[in-house]
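Just below is one structure, and these are the notes that go with it.
Values reported hereafter were calculated over all heavy atoms of this structure, with side chains retained and with hydrogens, waters and symmetry mates removed. We're numbering straight along the sequence, starting at 1.
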Amino acid sequence: MKKSKKGNSRKFNFTFLLAGIVIILIAILAILLGFNHLNKSNDTNHDRIVEQSKNKNKNQDEVSKSDKKPKLIDNTTLQKTIDSAASIDRDHYTDDSLEVLDQAIANAQAVIQNGGNQQEINDANMALINSIISLENK
């Protein structure tokens with residue numbers, strides 16, 4: 001009896017640890033998305049001020065093209081989620097739920113390898129987090 005209670009306690013602790021990791025990852029993603037929104041707002045204000053200071057005789061399309069900044073793509077959160085998912089102790093979960101997890105990991109790795117845009121990276125990260133959350137105990 002004591003041995004099975006200890007095993008259940010470990011599963012319980014691992015579940016809370018995994019839930020905590022997932023919550024932290026979701027919070028990081030929310031923060032990153034929030035910063036992305038702020039940066040877009042600041043870029044819009046900056047572009048408007050720059051356009052007003054330019055010579056009015058210039059072609060507006062040329063001004064817009066020259067002022068655009070390349071968008072930085074951040075896949076560090078997705079890579080950390082992949083690393084976390086890959087380190088999960090697979091002995092505790094059903095084969096079906098692990099298959100879903102493996103597919104989500106493969107998709108996430110493909111997005112990174114193919115140089116996906118920020119939305120694709122964010123979507124792959126959420127799909128991977130959802131597959132972690134959906135793991136079913138044996």
Item checked: Gap separating the CG atom of D95 from the NZ atom of K138, nearest 0.5 angstrom -> 6.0 Å
Next item on the list: Look only at the side chain of S97 and the backbone of E136, and say whether a donor-acceptor pair between them is shorter than 3.5 Å.
Entry: yes
Notebook entry, point to check: With distance as the sole criterion, is a donor-acceptor pair present between the side chains of T77 and N125 under 3.5 Å?
Noted result: no
Notebook entry, point to check: Is the backbone of M126 close enough, under 3.5 Å, to the side chain of N130 for a donor and an acceptor to pair up by distance?
Noted result: yes
Margin query: Between R90 and D102, does any NZ, NE, NH1 or NH2 come within less than 4.0 Å of an OD or OE carboxylate oxygen?
Written below: yes
Checklist line | Set of salt bridge (Lys or Arg N to Asp or Glu O under 4.0 Å) partners for D74, sequence neighbours left out | finding: none
Item checked: Approximate separation, where rounding is to 0.5 Å, of D96 CG and L135 CG -> 11.5 Å
Item checked: Verdict with reasoning, V100 to Q103, per side-chain contact (heavy atoms from CB on, under 4.5 Å) -> CA-CA 5 Å; V100 172; Q103 184 61 45; 5.8 Å; no
Next item on the list: Could you tell me the separation between the CG atom of N117 and the CD1 atom of I73, rounded to the nearest 0.5 Å?
Entry: 6.0 Å
Item checked: Non-hydrogen atoms of L98 and Y93 that approach each other most closely -> CD1-O, 3.6 Å
Next item on the list: Check the pair T81, I132 against side-chain contact (heavy atoms from CB on, under 4.5 Å), reporting the backbone distance first and the verdict last.
Entry: CA-CA 9 Å; T81 307; I132 294 170; 4.3 Å; yes
Item checked: Donor-acceptor under 3.5 Å (S131 side chain, L128 main chain) -> yes
Next item on the list: Could you list the residues that satisfy side-chain hydrogen bond (donor to acceptor under 3.5 Å, both in side chains) with E99, not counting sequence neighbours?
Entry: none
Checklist line | Evaluation steps, side-chain contact (heavy atoms from CB on, under 4.5 Å), between Q109 and I112 | finding: CA-CA 5 Å; Q109 289 171 332; I112 289 176; 5.8 Å; no
Item checked: Steps toward side-chain contact (heavy atoms from CB on, under 4.5 Å) verdict (I129, I26) -> CA-CA 8 Å; I129 289 170; I26 291 171; 4.0 Å; yes
